[in-house]
There are 2 protein chains.
Amino acid sequence: MPDVRRGDGHRVTSYDVARLAGVSQSAVSRCFKPGASVSKKMRARVMKVAEDLSYQPNAIARSLITRRSNMVAVVISQQTNLYYPEVLVQLSQRFSERGVRVLLFTLEHESDIDGLLDQIFQYQVDGVVEAARLSGEQIDLIDRRGIPFVFYNRSLKDRRVNAVCCDQTEGERWLVNRLVEAGHETFGLISGPEDSAVSVERTQGALERLKELNVKSVTVVPGDYSYESGASGLLELKNKLGELPDAVVCANDVMAIGCMDAARYRLGVKVPDDLSVVGFDGVGPAQWQSYDLTTVRQPVGRMTEAAVSMILERVEQPDLPPEKRTFSGILVDGGSARIA
Amino acid sequence: MPDVRRGDGHRVTSYDVARLAGVSQSAVSRCFKPGASVSKKMRARVMKVAEDLSYQPNAIARSLITRRSNMVAVVISQQTNLYYPEVLVQLSQRFSERGVRVLLFTLEHESDIDGLLDQIFQYQVDGVVEAARLSGEQIDLIDRRGIPFVFYNRSLKDRRVNAVCCDQTEGERWLVNRLVEAGHETFGLISGPEDSAVSVERTQGALERLKELNVKSVTVVPGDYSYESGASGLLELKNKLGELPDAVVCANDVMAIGCMDAARYRLGVKVPDDLSVVGFDGVGPAQWQSYDLTTVRQPVGRMTEAAVSMILERVEQPDLPPEKRTFSGILVDGGSARIA
DNA sequence: CAATCATCCGCATTCGAATGCAACAGCATT
DNA sequence: AATGCTGTTGCATTCGAATGCGGATGATTG
């Protein structure tokens with residue numbers, strides 16, 4: 001089996017193929033471009049040699065001249081939230097079906113994003129999917145670079161940006177409706193991190209609906225989306241109220257799960273008999289029988305598909321106006337909440 | 001605030017900076033290279049202009065000439081296994097601390113890997129982390145390209161490749177020891193996918209130790225690493241045996257969790273009183289109080305660190321010989337198994 | 001003041017593929 | 001045989017940064 005590298009340690013280039021096939025480098029290039037003007041004879045000849053040499057066009061060189069890297073940056077923070085890995089995998093799969101690769105940028109802390117934007121730009125990505133918070137100036141920065149970007153589940157109200165969101169408010173309202181219909185009267189809320197727009201929307205959405213429905217007893221305690229904070233949130237609620245509320249509304253599934261476990265194993269309380277718990281997201285473990293969580297599932301498939309096509313459309317047509325697409329969640333009635 | 005793009009829609013290049021600063025392009029290039037021969041005056045001057053123009057060196061162009069893309073491909077399959085997202089995030093973070101970015105390749109089916117290798121090569125990545133199965137020919141393919149690569153938790157016995165593994169066999173032996181010491185006499189095993197080397201090692205490891213300890217009643221049923229297959233695996237065991245075994249050894253945590261739920265909610269059996277269940281991996285949910293799983297935790301931090309440094313060392317010194325690094329897992333005694 | 005040396009800078013080239021343009025071949029038409 | 005047309009091919013240039021080499025500059029020494 002022949003070695004694919006030339007003697008000098010360089011990679012195989014289109015010139016090597018051209019020389020061996022007795023044609024010009026441009027011919028080789030054209031052979032690899034679908035729909036280019038090449039005779040079948042030429043193509044066959046070149047492809048044969050290319051095959052023999054295991055030649056693959058250098059995407060880096062191509063990017064330089066075409067000004068398309070076929071790479072998209074995906075920025076993810078919040079690795080504690082089980083929800084994000086799923087989003088990431090789906091984005092990756094959908095992009096790759098369209099010939100685009102994901103360059104991954106993970107943030108340990110959301111504040112690390114400053115230097116990161118510069119990094120992203122250096123790699124000349126064709127677009128950016130942001131599942132992290134950005135300040136107004138940072139958005140300006142991207143905008144001025146003219147790179148299409150889409151926010152995933154976060155958007156700035158007074159800003160014309162592309163965004164794909166799940167309707168957090170609506171989802172919370174559904175959950176509250178269900179709980180109130182079933183006769184729950186005292187409520188505890190465990191919110192997410194203050195700086196998470198999603199969390200704020202969810203908590204506000206629930207509060208608003210509770211108010212509309214004239215529910216008097218509502219207590220909010222802070223959480224951070226983690227299992228532990230769901231558990232400690234419940235204990236804190238009990239402390240504050242002196243007793244448990246009828247229902248606890250958690251800003252995500254993982255906290256709801258932590259909350260259920262604390263109820264059962266630390267307080268010895270039955271869910272849903274003595275306490276109803278609901279979450280949000282619809283992550284895999286929420287369906288596990290130990291939890292069987294009542295929650296709102298985000299339509300991740302449709303949301304990621306939307307994000308991908310919004311980006312790629314704007315790579316082709318940079319002048320498309322900004323767009324926000326909001327998807328309704330799916331109410332999942334589980335066994336973690338008493339129903340009427 | 002000035003627009004960072006020139007009138008013609010092109011990006012800002014080192015030539016633009018050079019022109020405005022009244023120096024040569026090479027000077028600009030040198031200013032961005034740490035340790036290059038540039039006077040402080042020059043550097044200050046250039047940096048000022050660069051700042052004004054929001055100039056960032058084009059990593060694509062740089063890669064072309066330096067033959068370093070500062071990108072590493074990470075190939076992941078098996079998205080059902082909760083274990084992999086954690087690995088991915090850690091790899092990404094550790095690489096980025098060293099100035100290297102992760103280009104993500106996800107596989108829906110392990111068989112999709114054929115075309116994928118070509119894709120990976122096109123992007124001129126500096127290295128590859130493989131958390132997917134490869135055939136011998138595929139390894140040849142990578143080898144001949146001279147790209148450093150590391151297998152993560154899979155390796156071919158009779159092949160000189162780089163690999164980072166958790167000692168699956170040893171871990172299973174520990175688990176079996178614990179169970180046998182505690183008096184368990186009849187065993188069920190739920191294996192992972194047949195084509196997963198990890199699963200085979202785990203199951204074999206357990207079987208071997210059980211044999212050594214002279215345990216007679218051992219039944220193996222197949223699983224696929226999913227929650228559902230853990231649940232159905234338990235039912236199948238019961239069918240086969242006519243009754244439940246004393247203990248079920250699952251090839252990963254997620255199946256163990258499915259198994260526990262099936263025991264409790266479908267069979268009405270108490271864990272660990274009537275049935276002991278153990279897993280493998282040490283994923284987050286294994287620690288949730290509803291499960292509190294006895295398992296072997298893979299030292300993901302050390303393993304990913306090892307993978308990263310093995311790759312990067314070989315980018316610098318391509319002649320380093322292949323190396324396999326095997327890490328012991330950490331036995332986690334949870335409440336899902338009766339102990340002596 | 002001349003000689004020596006280190007430091008710093010610019011010129012020119014390089015990486016590998018894409019593409020506009022011109023040249024050319026082959027074929028049909030008259 | 002001359003003309004025109006279509007379909008292919010090659011030439012030359014381009015993308016943007018890095019770098020070896022020679023030359024200029026300035027500092028230092030005798």
Side-chain angles (χ1 to χ4, degrees), chain A residues 4-6 8-47 49-50 53-70 121-126 145, chain B residues 4-6 8-47 49-50 53-70 121-126 145:
Chain A
V4 297
R5 330 237 335 215
R6 300 183 311 203
D8 55 5
H10 288 191
R11 300 179 168 95
V12 183
T13 73
S14 56
Y15 288 96
D16 300 319
V17 177
R19 191 159 18 80
L20 253 148
V23 301
S24 74
Q25 176 269 329
S26 18
V28 176
S29 170
R30 277 188 265 260
C31 287
F32 279 85
K33 179 173 182 173
S37 164
V38 206
S39 63
K40 40 261 143 296
K41 201 166 37 159
M42 165 74 86
R43 177 162 262 140
R45 174 122 148 251
V46 168
M47 285 316 206
V49 178
L53 298 182
S54 310
Y55 166 76
Q56 289 288 127
N58 182 325
I60 296 278
R62 169 185 294 157
S63 303
L64 190 58
I65 188 78
T66 61
R67 294 148 174 291
R68 278 282 178 83
S69 62
N70 289 314
F121 297 142
Q122 292 198 10
Y123 280 93
Q124 314 295 124
V125 293
D126 295 336
R145 276 248 169 27
Chain B
V4 296
R5 332 246 323 225
R6 300 182 312 203
D8 54 7
H10 288 189
R11 299 180 170 92
V12 183
T13 74
S14 57
Y15 288 96
D16 299 319
V17 177
R19 191 160 16 81
L20 253 148
V23 301
S24 74
Q25 177 269 330
S26 18
V28 176
S29 171
R30 276 188 263 263
C31 287
F32 279 85
K33 178 174 183 171
S37 165
V38 207
S39 63
K40 40 261 141 296
K41 201 165 37 158
M42 165 72 84
R43 178 162 260 140
R45 175 123 147 250
V46 168
M47 286 315 207
V49 178
L53 299 181
S54 309
Y55 166 75
Q56 289 287 127
N58 181 326
I60 296 277
R62 170 186 293 157
S63 303
L64 190 58
I65 188 79
T66 60
R67 293 148 172 293
R68 280 285 177 80
S69 62
N70 289 314
F121 296 142
Q122 292 198 7
Y123 280 95
Q124 314 294 124
V125 293
D126 296 336
R145 276 250 170 21

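Taking OG of Ser14(A) as the start and CZ of Arg30(A) as the end, the distance is 12.0 Å to the nearest 0.5 Å. Between atom SG of residue Cys31(B) and atom NZ of residue Lys40(B) there is a gap of 11.0 Å, rounded to the nearest 0.5 Å. A distance of 12.0 Å separates CD of Gln56(B) from OH of Tyr123(A), quoted to the nearest 0.5 Å.
Rounding to whole angstrom units, CZ of residue Phe32(B) and P of dA18(D) are separated by 9 Å. Rounded to an integer number of Å, the gap from CD1 of Ile65(B) to P of dT13(C) is 13 Å. When the P atom of dA17(D) is taken as reference, atom CG of Leu53(B) falls 12 Å away, rounded to whole Å. Here the P atom of nucleotide dT19(D) and the CZ atom of Arg68(B) are 11 Å apart, to the nearest Å. Here the P atom of nucleotide dA17(C) and the CG atom of Leu64(B) are 9 Å apart, to the nearest Å. Taking atom CD of Gln124(A) as the reference point, atom P of dG16(D) lies 9 Å away to the nearest angstrom. Summarising the geometry, the separation between CZ on Arg62(A) and C1' on dG16(D) is reported as 18 Å, rounded to the nearest angstrom. Residue Phe121(B) contributes atom CZ, which lies 16 Å from atom P of dA17(C) at whole-angstrom precision.
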Q | Residues Gln124(A), Arg11(B); criterion side chain to side chain contact (heavy atoms under 4.5 Å, CB included); working and verdict | A | CA-CA 10 Å; Gln124(A) 314 295 124; Arg11(B) 299 180 170 92; 2.8 Å; yes
Q.
As a quick check of understanding, evaluate side chain to side chain contact (heavy atoms under 4.5 Å, CB included) for Tyr55(A) and Val28(A), giving each step before the final call.
A. CA-CA 11 Å; Tyr55(A) 166 76; Val28(A) 176; 4.3 Å; yes
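Between Phe32(A) and Pro57(A) the shortest heavy-atom distance is CD2-CG, 3.7 Å.
The side chain of Thr66(A) lies closest to dT19(C) when the candidates are dT19(C), dA17(C), dA17(D). When distances are taken from the side chain of Arg67(A) to each of dC15(D), dT19(D), dA17(D), the shortest belongs to dC15(D).
For the pair Tyr55(A) and dA17(C), the criterion of a side-chain N or O lying under 4.0 Å from OP1 or OP2 is met. The phosphate of dG16(D) (OP1 or OP2) has no side-chain N or O of Ser14(B) nearer than 4.0 angstrom. Within the structure, a side-chain polar atom (N or O) of Ser29(B) is placed less than 4.0 Å from OP1 or OP2 of dA18(D).
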So which protein nitrogen or oxygen atoms get under 3.5 Å of nucleotides 8-11 of chain C's nitrogens or oxygens?
from	atom 1	to	atom 2	distance (Å)
dC9(C)	OP1	Ser39(B)	OG	2.7
dC9(C)	OP2	Ser39(B)	N	3.0
dG10(C)	OP2	Ser24(B)	N	3.2
dG10(C)	OP2	Ser24(B)	OG	3.0
dG10(C)	N7	Arg30(B)	NH2	2.7
dG10(C)	O6	Arg30(B)	NH1	3.4
dG10(C)	O6	Arg30(B)	NH2	2.8
dC11(C)	N4	Ser26(B)	OG	3.1

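Between the side chain of Asp126(A) and the backbone N or O of Asn70(A) there is at least one donor-acceptor pair closer than 3.5 Å.
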